[in-house]
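Structure, as structure tokens:
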Amino acid sequence: MKKNQIKTVKGFNEVLPPESFRWRLVEDKFRNLLEGYGFAEMRLALLEPTELFSRSIGGETDIVEKEMYTFSDRSERSLTLRPEGTASVVRAFNQYSLGKISEINKLYYVGPMFRYERPQKGRYRQFHQLGAEVFGEASFYQDAETLVMLAQFFQALSIDGIILQLNSLGCEDCRPAFREQLQSFLLERESLLCGDCQRRIKENPLRALDCKNPSCREVVVDAPQINESLCGDCREHFSGLCGLLDDVGLDYQINSKLVRGLDYYTRTTFEFLAGDLGAQNAVAAGGRYDRLVEELGGKMTPAFGFAIGFERLMMLAGDKLGPLSSPFVTLIPLDEEALRRLFPIYVKLNRDAGIATLGLQQKSLKSQLKKADKDGAKYALIIGPDELEKGVAICRNMQTKEQTGIAFTELEETLRRLYQD
RNA sequence: GUGGGUAUAGCUCAGUUGGUUAGAGCGUAGGAUUGUGGCUCCUGAGGCCGAGGGUUCGACCCCCUCUACUCACCCCA
């Protein structure tokens with residue numbers, strides 16, 4: 001490590017080859033699956049007015065209070081690097097009146113998010129999410145469709161051992177009553193709670209349910225259960241969802257202590273948990289947020305969404321991904337004249353598809369073949385002084401070691417035909 | 001923000017109770033009779049031993065400070 005070496009900002013996660021190939025494989029699977037379900041991609045701003053997040057995520061949440069990259073630009077506007085995707089999608093949904101274009105909108109996004117936290121395994125300051133949102137559908141069928149789709153995604157990546165946990169947070173009709181009930185329960189036991197939870201009693205008592213402090217957990221065991229105070233509609237929604245999941249055979253656990261760190265959720269919330277991830281074990285999470293569109297100035301529109309942590313997903317996907325792409329043919333010139341001859345063919349072969357590789361340096365046949373082998377090329381095309389004289393190149397099948405001649409005039413055509421097969 | 005661990009070659013790691021030219025495996029470059037890959041063998045390149053200071057005749061090793069990385073708390077995807 002040199003003294004004046006410039007390095008990335010702490011916690012900013014970069015993806016290099018060959019990892020970047022694996023990322024794209026997974027990303028492509030995600031896109032294909034979602035587009036099959038009728039989702040369309042959004043490419044949104046990375047920088048937003050700070051107010052967007054304090055209004056959507058909630059001003060009292062940890063994310064907004066202490067984890068955002070917030071700064072003033074040159075005209076003293078307060079801007080924030082997005083810490084999550086939902087707020088921006090909802091902002092765009094309203095800004096472009098997407099609800100008027102079609103009644104139901106299914107949107108997805110892929111990209112970096114930013115949170116100023118202490119980095120650790122599966123948690124970075126610049127991290128990546130695959131996320132999706134559905135607007136305009138209030139029925140539990142939508143919840144089920146999205147959850148099943150997510151499960152299918154994990155399955156497609158051969159990731160197993162993921163547990164789906166579900167809960168319902170109720171709606172504006174039934175949550176306030178529960179909140180009060182929980183509040184008084186916690187107040188009676190205030191002395192047993194950790195400092196954070198004592199503060200949470202006032203601001204956000206639901207968060208106490210989620211606290212990892214042992215003594216808090218003990219207190220909370222006997223706490224009132226949200227699912228016992230749900231109103232009729234919420235109860236119906238939740239049991240409807242569970243029934244549907246049973247029908248399609250998707251396993252889940254109901255976790256009445258599951259709450260979300262973002263304030264906008266209503267009714268269904270969920271997490272997909274993976275044991276192999278260490279302390280940061282949620283690989284995907286989300287839920288229903290029927291009030292957020294309205295709160296951000298739009299028309300009352302029910303919505304459901306989720307986000308997947310890309311880095312965490314890739315830790316789980318491990319080596320189970322298929323082999324990376326390899327070149328079809330490696331062009332091997334043995335001297336400058338041969339290189340000169342091959343260069344135009346090389347660029348023509350790659351015009352519309354990556355068919356060929358060509359080393360631009362003068363190297364021995366031996367080392368060029370070695371490289372072709374290492375890259376996994378199917379054919380090697382050799383041209384040296386002998387071939388130049390005859391006007392015929394040697395085409396070597398790297399697996400069978402068979403060699404055939406191809407006239408220079410037919411090189412492009414012949415290689416293209418071989419590639420097609 | 002609070003703790004613990006680590007810092008030696010591109011990567012994964014040895015190392016000397018302080019002593020002269022700092023090691024291995026992998027990777028990389030080249031070679032093993034003239035122009036033919038994978039296995040094997042040989043050779044080479046590549047490190048002011050995280051940074052700064054101190055103790056000492058002498059520090060990669062001991063002491064102090066800093067920084068980075070990492071794991072955990074917190075929180076979350």
Side-chain angles (χ1 to χ4, degrees), chain A residues 1-5 7-11 13 16 57 61-68 82-86 109-131 150 194-197 199-200 204 207 210-214 216 258-262 270-274 277-287 305-316 330 332-335 338 361 363-388 394-403:
Chain A
M1 224 63 58
K2 301 221 175 73
K3 238 194 287 188
N4 295 322
Q5 188 81 49
K7 297 193 295 184
T8 47
V9 173
K10 183 197 197 84
N13 181 44
L16 277 45
I57 298 171
T61 59
D62 282 359
I63 293 179
V64 170
E65 274 185 341
K66 49 188 197 190
E67 294 177 4
M68 295 206 304
R82 62 180 189 189
E84 58 113 33
T86 301
Y109 58 85
V110 173
M113 307 293 163
F114 306 86
R115 290 182 203 174
Y116 191 90
E117 299 177 89
R118 191 79 164 255
Q120 78 186 66
K121 183 173 182 176
R123 190 178 74 186
Y124 309 97
R125 288 182 175 183
Q126 175 176 319
F127 62 104
H128 297 78
Q129 287 188 336
L130 305 166
L150 262 172
C194 69
D196 283 335
C197 284
R199 228 175 314 113
R200 283 170 181 148
N204 197 344
R207 299 304 307 283
D210 201 25
C211 186
K212 282 171 183 154
N213 184 301
C216 295
L258 178 69
V259 296
R260 314 265 59 243
L262 291 69
F270 68 90
E271 281 186 0
F272 281 88
L273 303 176
L277 285 178
Q280 312 301 324
N281 64 350
V283 64
F306 66 84
I308 302 171
F310 210 143
E311 284 82 359
R312 293 180 191 180
L313 182 70
M314 293 310 291
M315 284 190 245
L316 294 171
T330 295
I332 300 183
L334 296 184
D335 60 19
Q361 292 173 320
K363 284 190 169 176
S364 71
L365 174 57
K366 188 195 189 99
S367 66
Q368 294 197 73
L369 270 176
K370 203 182 260 187
K371 176 118 168 67
D373 178 56
K374 209 185 61 177
D375 292 347
K378 297 198 177 44
Y379 291 93
L381 189 90
I382 304 164
I383 297 185
D386 294 355
E387 288 72 30
L388 283 169
I394 295 174
C395 183
R396 178 182 177 84
N397 182 317
M398 293 297 284
Q399 264 173 2
T400 64
K401 300 187 176 186
E402 275 177 279
Q403 300 195 156

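Just so we're on the same page: letters track the sequence lines, and every chain starts at 1.
One atom, CD of Gln129(A), and another, C1' of A77(B), lie 5 Å apart when rounded to the nearest Å. Taking atom CE of Met113(A) as the reference point, atom P of A77(B) lies 11 Å away to the nearest angstrom. In this structure, CZ of Phe306(A) is placed 12 Å from C1' of A77(B), rounded to the nearest angstrom. For Leu316(A) and A77(B), the CG to C1' distance is 12 Å, given to the nearest whole Å. Straight-line distance from the CD atom of Gln368(A) to the P atom of A29(B): 12 Å, rounded to whole Å.
Atom P of C41(B) sits at a distance of 49 Å from the matching atom of G54(B), rounded to the whole Å. Comparing the same atom, P, in C66(B) and in G27(B) gives a spacing of 41 Å after rounding to whole Å. Remark: the separation of the C1' atoms in A9(B) and G46(B) is 6 Å, to the nearest Å. Using P as the reference atom, A72(B) and U55(B) are 41 Å apart when rounded to the nearest Å. Spacing between C49(B) and C60(B) at atom P, rounded to whole Å, works out to 7 Å. Rounded to whole Å, the separation between the C1' atoms of U2(B) and G10(B) comes to 35 Å. Rounded to a whole angstrom, the distance from the P atom of G38(B) to that of U33(B) is 13 Å. Of the C1' atoms belonging to G18(B) and C57(B), the separation is 12 Å, rounded to the nearest Å.
Centre separation under 5.5 Å together with a plane angle under 30° holds for the ring of Phe127(A) and the six-membered base ring of A77(B), marking them as stacked.
Partners of Glu402(A) according to the side chain to side chain donor-acceptor pair (under 3.5 Å) rule, which considers only residues two or more places apart in sequence or in another chain, are Thr400(A). Taking Glu84(A) as the reference, nothing meets the salt bridge (Lys or Arg N to Asp or Glu O under 4.0 Å) condition, with sequence neighbours excluded. Residues passing the side chain to side chain contact (heavy atoms under 4.5 Å, CB included) test with Lys370(A), sequence neighbours excluded: none. With sequence neighbours excluded, no residue satisfies side chain to side chain donor-acceptor pair (under 3.5 Å) with Arg115(A). Every residue was checked against the side chain to side chain donor-acceptor pair (under 3.5 Å) condition with Asn281(A), not counting sequence neighbours, and none meets it. For the ring-ring contact (aromatic ring centres under 6.0 Å, His included) test, no residue two or more places apart in sequence or in another chain qualifies with Phe306(A). Scanning for side chain to side chain donor-acceptor pair (under 3.5 Å) contacts around Glu271(A) gives Arg260(A), with sequence neighbours left out. For Glu117(A), the salt bridge (Lys or Arg N to Asp or Glu O under 4.0 Å) partners at least two apart in sequence or on another chain are Arg123(A).
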Q. Going 5' to 3' along nucleotides 30-40 of chain B, which nucleotides have protein heavy atoms under 4.0 Å from the base (write B), which only from the sugar-phosphate (write S), and which from neither (write -)?
A. SSB--BBBB--

Atom pairs and distances, donor-acceptor, side-chain atoms in residues 373-383 of chain A, under 3.5 Å, two or more places apart:
from: Asp375(A); atom 1: OD2; to: Lys371(A); atom 2: NZ; distance (Å): 3.1

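Nearest heavy-atom pair, Met68(A) versus Ile63(A), reported as atom, atom and distance to 0.1 Å: CG-O, 3.1 Å. Here the closest heavy-atom approach between residue Ala372(A) and residue Met398(A) is recorded as CB-CE, 4.2 Å.
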Every protein N/O within reach of nucleotides 65-72 of chain B N/O, cut-off under 3.5 Å:
from: A68(B); atom 1: O2'; to: Lys7(A); atom 2: NZ; distance (Å): 3.4
from: C69(B); atom 1: OP2; to: Lys10(A); atom 2: NZ; distance (Å): 3.1
from: C71(B); atom 1: OP2; to: Lys121(A); atom 2: N; distance (Å): 2.8
from: A72(B); atom 1: OP1; to: Ala279(A); atom 2: N; distance (Å): 3.2
from: A72(B); atom 1: OP2; to: Gln120(A); atom 2: NE2; distance (Å): 3.2

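Geometrically, Arg125(A) does not engage Phe114(A) in a cation-pi contact defined by less than 6.0 Å to the ring centre and at most 45° from the axis.
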Q) Starting at the 5' end of RNA chain B, what dot-bracket string do you get if Watson-Crick and G-U pairs under 3.5 Å are bracketed, crossing pairs use [ ], other-strand pairs use | and unpaired bases use dots? A) (((((((..((((.....[...)))).(((((.......))))).....(((((..]....))))))))))))....

